[in-house]
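Below, all heavy atoms of this structure are taken into account, side chains as well, without hydrogens, waters or symmetry copies.
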Amino acid sequence: MKLRTETGSGQTAGLTRALLQVLEYKSDLKQYWKRSHGHAISSMSSCPLFHHVFRTLDKAGRPRRATDEPPEPASILVGHAETLLPLLSLLGLYKDQTPPTASNYHSQHGRSFRSSLIVPYAANVLFVLYDCQRGPRLQLLVNESPVRFPGLENEDAPLYRDVRAVYRHLLDGCDFEKECEGRSVGRAPNIEL
């Protein structure tokens, strides 16, 4: 929701910077509570995608004999912001210490969760596996910019085994179908922002 605030810029003419920041925050509240860290079940919807990514990385990173077929040079999946945001949340990215709410707007100006920057139009996530001397290394890029894995903030491309160790709880669990068992079938009233 990046908007230009120049005078006479069409749709935003007459909107003040303060009003635009409030509108951005409203959008962030919606995305945070609907598709991100607001509710654990939101990010759990990305468990199948998370497991697919790591199975693909496991296959590409395992040692090979000369007779083995080489791994695919790339695995490309296409989706929407509604797919990427829960995955990034599952990975623990862009999680501020204090969650955004309607009542703490004034203390949230320095927040890292800004949906317009995290999942703009044509957003993308890249997992780049490097074949290195000490073992495979994994670099994460969000919208072509390097992002460090939570718990491994000292390196842009930590050892893949260290990344797997950080996410062991998800690799061993994170079963969306099981997570949804026993939940009420009916829908709650729509209180969407």
Side-chain angles (χ1 to χ4, degrees), residues 1-47 49-50 53 77-128 139-158 163 166-167 170 174 176 179-180 183-184 186-193:
M1 177 175 246
K2 260 189 163 171
L3 299 174
R4 294 176 53 176
T5 58
E6 299 155 8
T7 308
S9 63
Q11 294 177 332
T12 60
L15 296 179
T16 65
R17 178 170 292 287
L19 179 56
L20 292 174
Q21 289 172 340
V22 169
L23 292 173
E24 177 193 36
Y25 191 70
K26 176 192 174 285
S27 176
D28 287 348
L29 281 175
K30 177 181 178 181
Q31 296 302 323
Y32 184 91
W33 292 98
K34 189 172 183 178
R35 295 191 175 89
S36 188
H37 300 292
H39 302 286
I41 192 71
S42 298
S43 60
M44 297 297 281
S45 67
S46 287
C47 289
L49 177 57
F50 173 86
V53 166
L77 305 172
V78 179
H80 297 274
E82 293 80 11
T83 305
L84 290 180
L85 197 52
L87 177 63
L88 296 173
S89 300
L90 189 66
L91 293 171
L93 300 171
Y94 307 108
K95 186 173 185 178
D96 295 298
Q97 192 168 10
T98 303
T101 64
S103 63
N104 67 1
Y105 166 73
H106 293 292
S107 67
Q108 291 288 314
H109 294 295
R111 68 191 181 279
S112 65
F113 186 86
R114 292 186 182 272
S115 58
S116 63
L117 300 178
I118 300 167
V119 286
Y121 186 75
N124 57 78
V125 177
L126 299 159
F127 293 87
V128 182
Q139 184 177 33
L140 175 64
L141 295 105
V142 176
N143 303 319
E144 297 94 37
S145 295
V147 174
R148 293 183 174 183
F149 290 98
L152 299 168
E153 289 89 356
N154 295 332
E155 297 183 72
D156 282 331
V163 175
V166 165
Y167 294 112
L170 294 173
C174 195
F176 181 68
E179 193 66 32
C180 289
R183 304 235 181 227
S184 64
R187 293 187 58 168
N190 186 350
I191 55 170
E192 184 174 314
L193 295 172

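Residues E144 and L141 share a closest heavy-atom pair of O-CD2, 3.6 Å. In terms of heavy atoms, T101 sits closest to N104 at N-OD1, 2.8 Å. Closest non-hydrogen pair, L90 versus Y167, comes out as O-CE2, 4.5 Å.
Two residues are said to be in side-chain contact when any heavy atoms from C-beta on lie closer than 4.5 Å; L93 and V147 meet this criterion. You'll find the side chain of L85 stays beyond 4.5 Å of the side chain of Y94, heavy atoms only. Residues V166 and F149 have side chains not in contact (no heavy-atom distance under 4.5 Å, counting atoms from C-beta outward). Looking at heavy atoms from C-beta onward, D28 lies in side-chain contact with R111 at the 4.5 angstrom threshold. At least one side-chain heavy atom of P86 sits under 4.5 Å from a side-chain heavy atom of S45.
Partners of Q97 according to the side-chain hydrogen bond (donor to acceptor under 3.5 Å, both in side chains) rule, which considers only residues two or more places apart in sequence or in another chain, do not exist here. Contacts of T98 classified as side-chain hydrogen bond (donor to acceptor under 3.5 Å, both in side chains), with partners at least two apart in sequence or in another chain: none.
Atom CG of L29 and atom OG of S36 lie 11.5 Å apart (nearest 0.5 Å). Rounded to the nearest 0.5 angstrom, K34 NZ and E82 CD are separated by 8.5 Å. Here S46 contributes atom OG and R35 contributes atom CZ; the two are 11.5 Å apart, rounded to the nearest 0.5 Å. Atom-to-atom distance recorded for S89:OG and I118:CD1 is 7.5 Å, nearest 0.5 angstrom. Interatomic distance, NZ of K26 versus CD of Q31, reported as 10.0 Å (0.5 Å rounding). To the nearest 0.5 angstrom, D96 atom CG is 9.0 Å from R114 atom CZ.
The ring pair (Phe, Tyr, Trp, His ring centres under 6.0 Å) test with F113 is passed by exactly one of W33, Y32, Y25: Y32.
In this structure, the side chain of N143 engages the main chain of L117 through a donor-acceptor pair within 3.5 Å.
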Practice prompt. Report the C-alpha separation of Q139 and F127 in whole Å, then their side-chain angles, then the decisive distance to 0.1 Å, and conclude whether the side-chain contact (heavy atoms from CB on, under 4.5 Å) test is met.
Written response: CA-CA 6 Å; Q139 184 177 33; F127 293 87; over 6 Å; no
Item to complete: Could you walk me through whether R148 and L140 pass side-chain contact (heavy atoms from CB on, under 4.5 Å), step by step?
Response: CA-CA 7 Å; R148 293 183 174 183; L140 175 64; over 6 Å; no
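Around atom NE2 of H106, no more than 12 heavy atoms belonging to other residues, nucleotides or ligands sit under 6.0 Å away.
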